[in-house]
Amino acid sequence: MADKSGLIQVYFGEGKGKTTAALGTTLRAAGQGMKVLLVQFFKNKFTGELASLQLLPGVDVYRFGSGEFIRGEVSPEDQREFFLGWHMVREALEKKEYDVVILDELPYAFYYHLLTWEECREALEQKNPEVEVIITGRKVPEELITIADLVSEIKLVKHPFNKGIPARRGFEY
Ligand code: ATP
Ligand code: MG
């Protein structure tokens, strides 16, 4: 179903809307009969999209994270989870099973020294050319921006969090 040339997309920045943009693309691609793999790293708390995506054919969601917010050192469980997830991603990038592979919050892996940029670049270079990749994260390496085909920076103008309004059901999770 996908075009021959799968591209690399990056949604990054301090503003809200990176994961929701990736979810919007998931919705659109699924409606075109495409198969989507959404891999969320360093997370496992419930968010509304988990329930909604179950209703969509052709969309698989996997989450890798201990669920605990990482403070300082990464726990052995978070490390284990990360490597399980990365293994799945490598396979998905090489095969043609999915038309779109979304790597939500992958860039934290660089920050926590679980993955080097070279390893990531190699995986992206060796990916099946038909697979479209979407990477989201607040901060991404400059090198990723250089090799990506589509880059959107989401700028923070206002966020209710800064007024002391905590994350809201249905909007932030
Ligand atoms: P969303 O999932 O809502 O699209 P995001 O992917 O752009 O947000 P993340 O960095 O993944 O943003 O943020 C995780 C959580 O923090 C989400 O609940 C998100 O809504 C919220 N958030 C996003 N931007 C900000 C901000 N500038 N200040 C505080 N919270 C934020
Ligand atoms: Mg996000």
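In this chain, residues are counted from 1 in sequence order. Note that ligands are numbered from 1 as they come in the structure, with each ligand's atoms numbered from 1 the same way.
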Right, does atom 23 (C) of ligand 1 have protein non-hydrogen atoms nearer than 4.0 Å?
yes

Within the structure, does Lys16 bring an N/O atom to less than 3.5 angstrom of an N/O atom in ligand 1?
yes

Closest to atom 19 (C) of ligand 1 (judged by heavy-atom distance), picking from Glu49, Glu172, Lys139
Glu172

Are any of the side-chain heavy atoms of Leu56 and Leu27 separated by less than 4.5 Å?
yes

Got the closest protein heavy atom to atom 28 (N) of ligand 1, with its distance?
His159 CG, 3.7 Å

Those atoms of ligand 1 less than 4.0 Å from some heavy atom in Glu105:
9 (P), 10 (O), 11 (O)

Presence of salt bridge, Glu105 and Lys18, under 4.0 angstrom:
no

Is any N or O atom of Gly17, backbone or side chain, closer than 3.5 Å to an N or O atom of ligand 1?
yes

Could you find the nearest protein heavy atom to atom 4 (O) of ligand 1 and give me its residue, atom name and distance?
Thr20 OG1, 2.7 Å

Take the angle between the ring planes of Phe161 and His159 and call it parallel below 30°, perpendicular above 60°, tilted in between.
perpendicular

For Arg138, atoms of ligand 1 separated by under 4.0 Å from a heavy atom:
10 (O), 13 (O), 22 (N), 23 (C), 24 (N), 25 (C), 26 (C), 31 (C)

To the closest 0.5 Å, what do you measure between CG (Leu93) and CG (Leu124)?
6.5 Å

Would you kindly specify which portion of Glu14 sits under 4.0 Å from ligand 1, judged on non-hydrogen atoms: side chain, backbone, both or neither?
backbone

Tell me whether atom 14 (C) of ligand 1 lies less than 4.0 Å from at least one protein heavy-atom position.
no

Once you round to the nearest 0.5 Å, how far does CD of Glu73 lie from OH of Tyr112?
10.5 Å

Aromatic ring centroids of Phe42 and Phe64 under 6.0 Å?
no

Quick one: pull up CZ in Phe46 and CG in Asn44 and give me the separation to the nearest 0.5 Å.
12.5 Å

Give a yes or no on whether Thr136 keeps an N, O or S atom under 2.8 Å from the Mg ion (ligand 2).
no

Is the shortest distance from a Lys or Arg side-chain nitrogen in Arg138 or Glu14 to a carboxylate oxygen in the other one below 4.0 Å?
yes

With Phe12 as partner, the option from Leu144, Ile135, Val151, Thr136 fulfilling side chain to side chain contact (heavy atoms under 4.5 Å, CB included) is Val151

Ligand-residue contact atoms, ligand 1 with Gly15, heavy atoms, under 4.0 Å:
7 (O), 24 (N)

Is Leu156 close enough to touch ligand 1? Criterion: a residue heavy atom under 4.0 Å from a ligand atom.
yes

Backbone or side-chain N or O of Lys18 under 3.5 Å from ligand 1 N or O
yes

Purely on distance, is any nitrogen or oxygen of Lys43 under 3.5 Å from one on ligand 1?
no

